[in-house]
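Reading through the structure tokens given below for one structure.
The chains referred to below are lettered A, B, ... by the order of the sequence lines, with proteins before strands, and numbering in each begins at 1.
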There are 2 protein chains.
Amino acid sequence: MTSRALENKPATNKRQAILDTALNLFVTQGFHGSSTAQIARQAGVATGTLFHHFSSKEMLLNELFLSIKQEFAEDILQVFQGLDLDTHPQRSLKASAQKLWNRAIDWAIANPIKQRFFLLYALSPELAVDVREQAMNSILGFISKLLTQGQAMGEIVTFPLGLMLDNCHGQYLASIRFFTDYPALGQDPLHREASFELFWRSIKA
Amino acid sequence: MTSRALENKPATNKRQAILDTALNLFVTQGFHGSSTAQIARQAGVATGTLFHHFSSKEMLLNELFLSIKQEFAEDILQVFQGLDLDTHPQRSLKASAQKLWNRAIDWAIANPIKQRFFLLYALSPELAVDVREQAMNSILGFISKLLTQGQAMGEIVTFPLGLMLDNCHGQYLASIRFFTDYPALGQDPLHREASFELFWRSIKA
DNA sequence: GTCTATATGATGATAGAC
DNA sequence: GTCTATCATCATATAGAC
């Protein structure tokens, strides 16, 4: 269902089938609970093919994580397409934040398994630490800039930045957990707006 | 270091050694990444002993999760010792909430590995669903009561309860993640108060 | 790129002595 | 309760033909 424009990797169908299958199995059975043999079989390829595309099971996990994180980042950052935050700060910070918030919620609702995968493996010891940090910084760096700017404009409360970043992330995770548990409520304006309001009330000046 | 008064289970030293070792290994290596042989060896017992105390590896995980959750619940609920919420609503809801918040943060800082274990396995497919739900309800039921009462008194904002519960939980998880990443800041009053203020601002009326 | 076949070691769990 | 010894199975990864 997902449009895959701009593929830079020479991804054959088999390679993508392996990634898709691994995603589902890692989420439902855990990393060590899903054997490479099972992944290969369910993807309709041979184990030799799996190890041709991924040098090890760990590398498969790492590449899967990075590809999903990138897909997420590319999607939500489109909210600010053609908008340079360094030179043109937002007039209405709240409106921008709400746009970003809603887009992120929408992505999670549209991609529940990928969201769940991220929830499960963002903290897991199976994932290489540098991969985790690399993925985090690409997104949190952007949010960090938004918060600092908001503080300078007097629209955002001035608590320690690191704490606020983790708090924003935590509230986002809580929201998408709620909406993936109750997908129907994701279309209910009352719940959608409440989820953003809870978030905004905590950080506004 | 932890005082273990009131042990109701006939826990021999070996049984507890297995639980302690499993906790550490499950956190650092994952569930399927830690073999029963390794757990037994590192706990200083034979594999036969492990399977004498726990019928399977999965049961070991389940019992470990429940024991940690219970330990956590017993600790933080002491804040309200001798206080019946049904008959005596709080005069100062904010003060009570802050006491509870601080106690929970303190527990996480004092028990970083148990906290991390919970973070990792609360969502993981390896944990039996009924075990997860049983553990959750015991604590969230209490918070739920607090929120509803606060709403009735006009001190808490009236957003949908389920959403607010997940949000509270999410903000707590974010805070303890921050404080376990930077334990020194856990003693800094500025950061401690900021973490609660972020939380309180989002839910106060 | 993809396959089949396989090497090599580890895995969860059990049996039965003490 | 605790141990040693062991089974049957499954794990990751490789070799080499096509």
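- One atom, CD1 of I18(A), and another, P of dA13(D), lie 14 Å apart when rounded to the nearest Å.
- For DNA chain D, the neighbouring residues in residues 25-35 of chain A, judged by any heavy atom under 4.0 Å, are S34(A), S35(A).
- Remark: T49(B) is not in phosphate contact with dG1(D), judged by side-chain N or O atoms under 4.0 Å from OP1 or OP2.
- Looking only at distances, a side-chain donor or acceptor of R132(B) sits under 3.5 Å from a matching main-chain atom of S124(B).
- Ring orientation note: the planes of F178(B) and Y182(B) are tilted relative to one another, at an angle of 30° to 60°.
- Distance, H52(A) NE2 to dG16(D) P: 17 Å, rounded to whole Å.
- Paired with F65(B) under the rule ring pair (Phe, Tyr, Trp, His ring centres under 6.0 Å), one option of F31(B), Y121(B), F118(B) passes, and it is F118(B).
- Around the CZ atom of F51(B), the shell of radius 6.0 Å holds more than 12 heavy atoms that belong to other residues, nucleotides or ligands.
- In terms of phosphate contacts, K14(A) brings a side-chain nitrogen or oxygen within less than 4.0 Å of OP1 or OP2 of dC3(C).
- At a threshold of 4.0 angstrom between heavy atoms, the contacts of T47(B) include nucleobase atoms, whether or not backbone atoms are also involved.
- The listed nucleotides are dT4(C), dG12(C), dC3(D); the one nearest the side chain of A46(A) is dT4(C).
- Atom P of nucleotide dG1(C) and atom CZ of R15(A) are separated by 9 Å, given to the nearest angstrom.
- The distance from atom CD1 of I39(B) to atom P of dG12(C) is 8 Å, rounded to the nearest whole Å.
- Here dA13(D) presents its P atom at 10 Å from CG of L60(A), a figure rounded to the nearest Å.
- Out of dT12(D), dT14(C), dG1(C), the shortest distance to the side chain of H53(A) is found at dG1(C).
- Contact record, Q115(B) with Y172(B): OE1-OH, 3.8 Å, taken as the closest heavy-atom pair.
- Other residues, nucleotides and ligands contribute at most 12 non-hydrogen atoms within 6.0 Å of the CD1 atom of I113(B).
- For the pair G48(A) and R41(A), both in contact range of DNA chain D, the more 5′-proximal nearest nucleotide belongs to R41(A).
- In this structure, the side chains of L61(A) and F117(A) come closer than 4.5 Å at one or more pairs of heavy atoms.
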